[in-house]
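See below for the structure under consideration.
Read the numbers this way: they start at 1 and go in the same order the structure lists the ligands and their atoms.
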Amino acid sequence: MRFPNPPTRPGRWALAAAALAGSCLLSGCFWLDGPQSTFDPNGPVARAQLDLFYVTCWVTLAIFVLVGSTLAYAMIRFRARSDADTHAEPPEQHHGNPLVEVSLIAASVFSLVIIAIPTLKGVWFSYDVPEAERAGAYEVTATGYQWWFKFDYPNEAAQTTDAATGKPASAHLTTGNELVIPAGRAVHVSLRTVDVIHSFWVPKLAGKVDMVPNRGNSLWIKADNPGYFWGQCAEYCGESHAVMRFRVIALGPREFNDWLNSQMAPARSVPAAASTGAAIPKAQFVAYREFRRNEAGYTDRFDVSPLEAWRRQQVPNSGEDPALIAKGRELFGAKTCSSCHTIRGVDGAVGVQGPELTHVGARTTIAGGLLENNRDELHRWIHAPNEVKPGNKMWVNGYLLNNIRLTPADEDALIAFLESLK
Ligand code: HEC
Ligand SMILES: [Cu+2]
């Protein structure tokens, strides 16, 4: 039997392209500290998962090197060296070698066991807070909504007023889109959803766990140190899934307590006074730039040190205009914003369709972590939520259904009010 001529060798260009693609891939591996990188763990759960990843990686790398070098050896050693070789009869064929086969099976089983033991340990470890830390664990509940996260603190009371009687009452503390936790302490997070399946993922603290309707999943996280961590819904959940994000802010014990105390208080109320006029230059939004949908909005200042940005955000802004704020407070009811948003301490603002806004001014981001919480981005959001985040419920069930129309003056007032809610 004669063999046909071998196919032509891959061209030099193809080789060069493959080398280029390979080195691009490799160089990508050197930037491993991005805000959502799992290679830069900041807590024991994420670290355990990364260690497991490395075990798997090394075992498979060893297999790759073994198989790859055997293949390379066979290809080079037994290649056709001359035209006569190419057309020669194939050598005598063998079939089966019990020793080789049994040892290959044994080697595979061995590799799988090496991977399986730490995997099972890791599954157990990340499933629930370890026994030793359970007593001191902090409890929160995260609930997925299309397309934002609600965070409840079931053990923290928040001051509010009873809607029916107007008397002071208390509810548990609720926030949205930014989960503030104590650093250095295990936090047990119960996972819920009100609509479809979402997935809770803070890459630097722990792997993903799904939020499934009618199923009580949970996970635990622990931040080694105070820090600011990016989170993301990791299960496709509709139109704006890609921008369904959140933040986790871990604080030292004292700072965490201060934060809790300020959150429990009802919304900050700025005493009514005559307009200072100077606060907001009126034509501020005339030259408003166009954004593409889903385009994140952050200033450079924010990115450099988000935890510092978070701290700056806790303090009331200078140059507030009390009259403008008072007008915004009124518009919040008049424009039906209050039917979807709770602001403890503001009459009638008891809605629960949207994130709780009692202290929204003290958050660093809005709209599910898509936009930095500043005047421009607040404007961008309340001016045309649909242009920012397609299909979001504030637009569909609010602006469209309630026919909400805001004049530039309304927007100024609402923004001043929202920014005052520290
Ligand atoms: C139909 C219910 C509804 C109405 C009415 C409504 N909102 Fe919202 N709002 C939402 C929802 C839902 C979100 C979360 C959207 C998302 O991120 O996907 C939201 C988000 C927000 C946010 C960002 C909060 C955060 O932490 O991300 C602000 C600020 C806000 N709304 C202000 C307003 C104002 C001001 C009005 C009135 C002009 C208003 N909303 C009317 C439902 C509503
Ligand atoms: Cu989601």
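Sorting the N, O or S atoms of His198 by how far they are from the Cu ion (ligand 2) puts ND1 first.
Under the 3.5 Å distance criterion, with hydrogens and angles disregarded, no donor-acceptor pair is assigned to the side chains of Asp210 and His198. A side-chain donor from one of Thr336 and Asn402 sits under 3.5 Å from a side-chain acceptor of the other. Side-chain contact check for Ser190 and Glu139: at least one donor-acceptor pair (N or O, by modelled atom type) lies under 3.5 Å. Looking at Ser37 and Asp40, their side chains never bring a donor and an acceptor atom within 3.5 Å of each other. Defined by atom type and a distance below 3.5 Å, a donor-acceptor pair is present between the side-chain atoms of Thr364 and Tyr228.
Salt-bridge formation is not detected for the pair Lys150/Glu356: no Lys NZ or Arg NE/NH1/NH2 atom is positioned less than 4.0 Å from an Asp or Glu carboxylate oxygen. For the pair Glu133 and Lys222, the salt-bridge criterion is met [side-chain N within less than 4.0 Å of a carboxylate O]. Using a 4.0 Å cut-off between a side-chain N of Lys or Arg and a carboxylate O of Asp or Glu, Glu255 and Arg311 qualify as a salt bridge. Between Arg47 and Asp224 there is a salt bridge, since a side-chain N of the basic residue sits under 4.0 Å from a carboxylate O of the acidic one. Looking at Glu372 and Arg363, no side-chain N of the basic residue comes within less than 4.0 Å of a carboxylate O on the acidic one, giving no salt bridge. The pair Arg134-Glu131 meets the salt-bridge criterion, since a charged nitrogen lies less than 4.0 angstrom from a carboxylate oxygen.
Each of the atoms 17 (O), 23 (C), 25 (C), 27 (O) of ligand 1 lies under 4.0 Å from some heavy atom of Ala367. Near Gln353, with a cut-off below 4.0 Å to any heavy atom, the atoms of ligand 1 are 1 (C), 12 (C). For ligand 1, the atoms lying closer than 4.0 Å to a non-hydrogen atom of Ile366 are 23 (C), 25 (C), 27 (O). Taking every heavy atom of Thr336 and a limit of under 4.0 angstrom, the matching atoms of ligand 1 come to 5 (C). Of all atoms in ligand 1, numbered sequentially from 1 with element shown, those under 4.0 Å from a heavy atom of Arg363 are 25 (C), 26 (O). In summary, the atoms of ligand 1 found under 4.0 Å from a heavy atom of Gly368, numbered by their order in the structure, are 17 (O), 27 (O). Short contacts between ligand 1 and Lys393, defined as distances under 4.0 Å to a heavy atom of the residue, involve ligand atoms 1 (C), 12 (C).
Here Asn177 has side-chain heavy atoms under 4.0 Å from ligand 1, and that is the only part of it that gets that close. With a 4.0 Å cut-off on non-hydrogen atoms, Tyr399 touches ligand 1 through its side chain and not its backbone. Residue contacts with ligand 1 for Lys389 involve side-chain atoms from C-beta outward but no N, CA, C or O (heavy atoms, distance under 4.0 Å).
Comparing heavy-atom distances from atom 15 (C) of ligand 1 across Trp381, Phe246, Phe332, Phe149 singles out Trp381 as nearest. Distances from atom 14 (C) of ligand 1 to the heavy atoms of Trp147, Tyr145, Trp148 put Trp148 nearest.
Taking the six-membered ring where tryptophan is involved, the planes of Trp220 and Phe125 are perpendicular, since the angle between them exceeds 60° and thus also 30°.
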- Tell me, with the steps shown, if Tyr399 and Trp381 meet ring-ring contact (aromatic ring centres under 6.0 Å, His included). CA-CA 12 Å; Tyr399 282 51; Trp381 176 248; 8.5 Å; no
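Among Val59, Thr60, Thr56, the one residue that satisfies the side-chain contact (heavy atoms from CB on, under 4.5 Å) test with Ser111 is Val59.
When distances to the Cu ion (ligand 2) are checked against a cut-off of 2.8 Å, Tyr236 contributes no N, O or S atom below that limit.
Shown are the protein N/O/S atoms under 2.8 Å from atom 8 (Fe) of ligand 1, given by residue and atom: His341 NE2, Met394 SD.
Of the protein's non-hydrogen atoms, Leu418 CD1, 3.9 Å is the one closest to atom 29 (C) of ligand 1.
The Cu ion (ligand 2) is the vertex of the angle joining SG of Cys233 and SG of Cys237, which measures 120° to the nearest 10°.
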